[in-house]
Q: 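Below you'll find the structure I mean.
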Amino acid sequence: MVSVTSSWLYCLSLLSLFPFISSSITIPLQYPQTNQIPFQDQYQKLNHLVTTSLARARHLKNPQPTPAATATAPLFSHSYGGYSISLSFGTPPQTLSFIMDTGSDVVWFPCTSRYLCKHCSFSSSSSSPRIQPFIPKESSSSKIIGCKNPKCSWIHQSNINCDQDCSVNSCLNQTCPPYMILYGSGTTVGIALSETLHLHGLSKPNFLVGCSVLSSHQPAGIAGFGRGLSSLPTQLGLGKFSYCLLSRRFDDDTKKSSSLVLDIEQLDSGKKTNALVYTPFVKNPKVEDKSSFSVYYYLGLRRITIGGHHVKMPYKYLSPGEDGNGGVIIDSATTFTFIAREAFEPLSDEFIRQITDYKRIKEFEDVTGLGPCFNVSDAKTVSFPELRLYFKGGADVALPVENYFAFVGGGVACLTMVTGPERVDGPGMILGSFQMQNFYVEYDLRNERLGFKQEKCK
């Protein structure tokens with residue numbers, strides 16, 4: 001994330017839109033369902049998800065410096081690759097859709113009636129819904145964050161130098177500079193607001209939220225669930241949060257959702273979640289020098305087996321090194337798991353070595369961007385080698401085959417993990433949402449660990 005100066009002075013003019021502003025919950029989690037489409041379009045969709053997963057990986061590897069006990073909300077799945085929740089801000093409340101993102105720490109919404117978003121339609125339907133913006137002038141609790149407000153530095157992830165030659169009164173009224181947030185395949189620009197967040201009976205006043213007026217390739221606002229000061233878990237003081245990711249079969253189906261659960265109690269109630277296995281979060285030794293990496297949830301992945309065979313890959317990609325690079329993170333906004341090429345190739349080669357019953361089809365790999373791909377059209381039943389992940393702390397998980405192979409029209413199955421040009425910086429592996437379908441995942445922030453179990457999300 002970077003703060004914006006002269007190149008984005010346009011945004012300052014948008015402050016004229018604000019003359020009226022003084023200076024455990026369960027949430028449905030949805031992955032928005034498309035109608036049945038020709039298999040050629042399915043390949044194009046897969047290619048889009050590959051492109052966005054790689055763009056997201058490039059960003060995460062080299063980011064630009066830039067009274068209820070629980071609450072529950074629906075979580076929906078979408079064909080553009082993300083999972084969304086609905087949050088309400090303002091007085092009276094305005095309800096908006098947000099992409100849940102555990103790899104970033106800023107919460108922002110499309111803002112003002114003049115909100116502009118370029119390349120933000122991800123639906124082939126001409127009747128795709130218009131992005132709904134938040135209207136600050138309709139909320140009595142909207143306030144622009146001042147430059148001297150500590151929260152200004154939260155959204156910029158750095159100390160902001162306010163003008164030193166201003167009078168006392170003008171310094172107090174000086175606004176926080178516009179922000180620009182860079183994601184893998186899109187950007188957003190806006191100003192910082194203080195607003196009231198409403199969550200199923202809970203109200204959180206003075207919540208820092210970005211009021212974005214200009215975006216590109218962003219189908220909705222973002223709810224940052226990472227580790228930063230501006231993230232939703234930090235601002236709410238969550239002890240833990242958890243979600244269950246709906247199958248991608250229900251993309252864009254507003255009638256199908258799973259749940260996001262926020263545990264707001266500060267003290268551990270002592271209650272145990274049955275059947276969860278846990279792995280501790282891993283510390284990156286260089287987060288102070290590489291502050292952009294400090295928002296990530298690092299996991300200790302010890303090894304991977306395919307069909308019971310240990311895949312040998314350089315350990316530097318599985319654990320953060322002394323320079324802060326390498327290691328494995330979990331990211332809800334990445335669709336297909338990214339693996340650095342030097343680690344991906346032995347994994348891909350092992351699948352190719354063990355899968356002998358189906359012919360490899362390289363032309364489909366070129367179309368989708370996935371690979372290896374196999375022709376399974378003549379098979380009465382399809383069987384692939386088991387993929388199992390072993391984490392520190394004794395936790396291991398065997399992924400269902402539909403979580404690592406995509407079956408598309410024409411009888412083709414492709415591995416849903418991606419790689420790209422070799423980079424030595426940033427995480428070596430990014431565990432994406434496709435691999436975590438129908439898994440209950442718990443971020444136990446009190447005890448610094450991740451818990452998970454396979455279950456049918458509903």
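For this chain, numbers begin at 1 and follow the sequence in order.
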Q: Only one of Tyr179, Tyr115, Trp108 passes side chain to side chain donor-acceptor pair (under 3.5 Å) with Ser212; say which it is.
A: Tyr179

Q: Within the 4.5 Å heavy-atom criterion, are Leu193 and Ile144 side-chain neighbours or not?
A: yes

Q: Should Asp444 and Phe281 count as side-chain neighbours, where that means a heavy-atom distance under 4.5 Å?
A: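 No; the side chains remain at least 4.5 Å from each other.
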
Q: Identify, with sequence neighbours excluded, every residue that meets side-chain hydrogen bond (donor to acceptor under 3.5 Å, both in side chains) alongside Ser140.
A: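 Partners of Ser140 by the side-chain hydrogen bond (donor to acceptor under 3.5 Å, both in side chains) criterion come out as none, since no residue qualifies.
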
Q: Are side-chain heavy atoms of Ile135 and Ser113 found at a separation under 4.5 Å?
A: yes

Q: Are the sulfur (SG) atoms of Cys152 and Cys176 separated by under 2.5 Å?
A: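 Looking at Cys176 and Cys152, their sulfur gamma atoms lie closer than 2.5 Å, so the answer is yes.
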
Q: Under 2.5 Å between the SG atoms of Cys244 and Cys457: is that the case?
A: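 Yes, because the SG atoms of Cys244 and Cys457 sit under 2.5 Å apart, which meets the disulfide cut-off.
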
Q: Show your working on side-chain contact (heavy atoms from CB on, under 4.5 Å) between Asn403 and Thr416 and close with a plain yes or no.
A: CA-CA 8 Å; Asn403 284 25; Thr416 53; over 6 Å; no

Q: Establish, from distance only, whether the side-chain atoms of Ser332 and Ser433 form a donor-acceptor pair under 3.5 Å.
A: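 The criterion, which ignores hydrogens and geometry beyond distance, is not satisfied for Ser433 and Ser332.
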
Q: Within the 4.5 Å heavy-atom criterion, are Leu238 and Tyr443 side-chain neighbours or not?
A: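 Contact flag for Leu238/Tyr443 side chains = no.
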
Q: Please report the interatomic distance CE(Met429) to CD1(Ile329), rounded to the nearest 0.5 Å.
A: 11.5 Å

Q: How long is the span from the CD atom in Glu365 to the SG atom in Cys373, to the nearest 0.5 Å?
A: 4.5 Å

Q: Scan for salt bridge (Lys or Arg N to Asp or Glu O under 4.0 Å) pairs involving residues 185-195, sequence neighbours excluded, and state none if there are none.
A: none

Q: Of all residues at least two apart in sequence or in a different chain, which pass the side-chain hydrogen bond (donor to acceptor under 3.5 Å, both in side chains) check with Tyr297?
A: none

Q: Can you confirm if the aromatic rings of Phe452 and Phe391 lie within a centre distance of less than 6.0 Å?
A: yes

Q: Any chance you could measure Thr335, atom OG1, to Gln435, atom CD, to the nearest 0.5 Å?
A: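 One gets 9.5 Å once the value is rounded to the nearest 0.5 Å.
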
Q: If you define the side chain from C-beta out and look only at heavy atoms, does anything of Asn447 sit under 4.5 Å from Tyr278?
A: no

Q: Which heavy atom in Phe338 sits nearest to a heavy atom in Gly420, and how many Å separate them?
A: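 Taking every non-hydrogen atom into account, CE1-N, 3.7 Å.
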
Q: For Ser242, check side-chain hydrogen bond (donor to acceptor under 3.5 Å, both in side chains) against everything at least two apart and list the hits.
A: Tyr440

Q: Quick one: does Asp331's side chain have a donor or acceptor within less than 3.5 Å of a partner on Gly103's backbone?
A: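 The answer is yes, because a donor-acceptor pair under 3.5 Å joins these two groups.
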
Q: Sequence neighbours left out, what pairs pass side chain to side chain donor-acceptor pair (under 3.5 Å) with at least one residue falling in residues 219-229?
A: Arg227-Glu448

Q: Using modelled atom types and a 3.5 Å cut-off, is there a donor and acceptor pairing between side-chain atoms of Thr419 and backbone atoms of Ile339?
A: yes

Q: Are any non-hydrogen side-chain atoms of Leu208 and Asn149 less than 4.5 angstrom apart?
A: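 The answer is no; the side chains never approach within 4.5 Å.
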
Q: Once you round to the nearest 0.5 Å, how far does CE of Met100 lie from CZ of Phe225?
A: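 Result: 6.5 Å between the selected atoms.
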
Q: How about Leu387 and Met417: do any of their side-chain heavy atoms sit closer than 4.5 Å?
A: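 Of all side-chain heavy-atom pairs linking Met417 with Leu387, at least one is under 4.5 Å.
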
Q: Ser194: which residues meet the side chain to side chain contact (heavy atoms under 4.5 Å, CB included) condition with it, sequence neighbours left out?
A: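 Side chain to side chain contact (heavy atoms under 4.5 Å, CB included) check on Ser194 returns Lys143, Ile145, Asn206.
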
Q: Is the backbone N or O of Leu245 less than 3.5 Å from a side-chain atom of Gln437, with the two atoms forming a donor-acceptor pair by type?
A: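 Judged by distance alone, no pair lies under 3.5 Å.
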
Q: Any sub-3.5 Å donor-acceptor pair from His217's side-chain atoms to Thr187's backbone N or O?
A: no

Q: Which atom names give the shortest non-hydrogen contact between Thr368 and Cys414, and what distance separates them?
A: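 That closest heavy-atom pairing would be OG1-SG, 4.3 Å.
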
Q: Do you know which two heavy atoms are closest between Gln454 and Pro400, and how far apart they sit?
A: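 Looks like NE2-CG, 3.2 Å.
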
Q: For the side chain of Asn325 and the backbone of Gly426, is there at least one donor-acceptor N/O pair under 3.5 Å apart?
A: yes

Q: Minimum heavy-atom separation for Asp105 and Gly228, please, with both atom names.
A: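 Nearest pair, atom of Asp105 first, then Gly228: OD2-CA, 3.3 Å.
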
Q: Could you go step by step and tell me if Phe241 and Leu236 meet the side-chain contact (heavy atoms from CB on, under 4.5 Å) rule?
A: CA-CA 11 Å; Phe241 66 91; Leu236 292 183; over 6 Å; no

Q: Can you measure from CG (Leu399) to CG (Asn438) and round to the nearest 0.5 angstrom?
A: 12.0 Å

Q: Look up atom CG in Leu232 and atom CZ in Phe98, then write down how far apart they are to the nearest 0.5 Å.
A: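 It comes to 9.0 Å.
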
Q: Relative to the ring of Phe109, is the ring of Phe89 parallel (under 30°), tilted (30 to 60°) or perpendicular (over 60°)?
A: perpendicular

Q: Heavy-atom distance under 4.5 Å between the side chains of Phe134 and Ser139, does that happen here?
A: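 Result yes, sub-4.5 Å side-chain heavy-atom pair found.
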
